[in-house]
Engineer: 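Before I ask anything, let me first share the structure, which is written out below as structure tokens.
It should be emphasised that the depicted structure is a prediction, and the values quoted were computed from it without experimental measurement.
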Amino acid sequence: LFEAARFAAMNKQERQAYINKMNTERDLRNQLDYALSEGLAQGMAQGMAQGEANAKAAIAKAMKDKGFDAATITECTGIPIEEIGKL
């Protein structure tokens with residue numbers, strides 16, 4: 001209510017400056033909100049990909065420990081044979 005009264009007491013130039021300021025603040029807030037949501041989405045996607053890679057590596061390591069040959073491990077996990085040798 002106080003803000004509305006203050007706005008009503010402004011002259012034309014003050015009102016326009018106030019409106020411009022509010023528009024700028026709103027635009028900045030929207031940009032930050034968008035950047036945050038995009039950053040979270042990218043982080044989630046990267047986390048999921050990393051989790052999947054870690055799970056595949058763990059499965060490949062377990063298969064290698066059980067004596068499976070590298071070709072079979074590659075076929076099951078999609079991990080290149082060169083990487084399996086490093087496990």
Engineer: Under the side chain to side chain contact (heavy atoms under 4.5 Å, CB included) test, which residues partner N11, sequence neighbours left out?
Structural biologist: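 If we apply the side chain to side chain contact (heavy atoms under 4.5 Å, CB included) test to N11, skipping adjacent residues, the hits are Q13, E14.
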
Engineer: With sequence neighbours excluded, what pairs up with T74 under the side chain to side chain contact (heavy atoms under 4.5 Å, CB included) test?
Structural biologist: I81, I84

Engineer: Run the side chain to side chain donor-acceptor pair (under 3.5 Å) check on N20 and Q16 step by step: do they pass?
Structural biologist: CA-CA 6 Å; N20 290 343; Q16 190 59 49; 3.1 Å; yes

Engineer: Please identify each residue that fulfils ring-ring contact (aromatic ring centres under 6.0 Å, His included) with F68, with sequence neighbours left out.
Structural biologist: none

Engineer: Can you list the residues that meet the salt bridge (Lys or Arg N to Asp or Glu O under 4.0 Å) rule with E52, with sequence neighbours excluded?
Structural biologist: K56

Engineer: The criterion is salt bridge (Lys or Arg N to Asp or Glu O under 4.0 Å); which residues satisfy it with K64, sequence neighbours excluded?
Structural biologist: none

Engineer: E3: what forms a salt bridge (Lys or Arg N to Asp or Glu O under 4.0 Å) with it, not counting sequence neighbours?
Structural biologist: R6

Engineer: Which residues satisfy the side-chain hydrogen bond (donor to acceptor under 3.5 Å, both in side chains) test with R15, sequence neighbours excluded?
Structural biologist: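 side-chain hydrogen bond (donor to acceptor under 3.5 Å, both in side chains) check on R15 returns nothing, list empty.
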
Engineer: Please identify each residue that fulfils side chain to side chain contact (heavy atoms under 4.5 Å, CB included) with N23, with sequence neighbours left out.
Structural biologist: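 With neighbours one apart ignored, the set is I19, R26.
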
Engineer: Only pairs at least two apart or in different chains count here, so list each salt bridge (Lys or Arg N to Asp or Glu O under 4.0 Å) that has a residue in residues 28-50.
Structural biologist: none

Engineer: Run the salt bridge (Lys or Arg N to Asp or Glu O under 4.0 Å) test against K86 and tell me which residues pass, sequence neighbours left out.
Structural biologist: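 K86 satisfies salt bridge (Lys or Arg N to Asp or Glu O under 4.0 Å) with E83 once adjacent residues are dropped.
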
Engineer: Where do L87 and A57 come nearest, in terms of heavy atoms and distance?
Structural biologist: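 Scanning both residues, the minimum pair turns out to be CD1-O, 4.1 Å.
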
Engineer: Using the side chain to side chain contact (heavy atoms under 4.5 Å, CB included) criterion, which residues pair with Q50? Sequence neighbours excluded.
Structural biologist: N54

Engineer: Any ring-ring contact (aromatic ring centres under 6.0 Å, His included) involving residues 15-59? Give me the pairs, sequence neighbours left out, ordered by first then second residue.
Structural biologist: F7-Y18

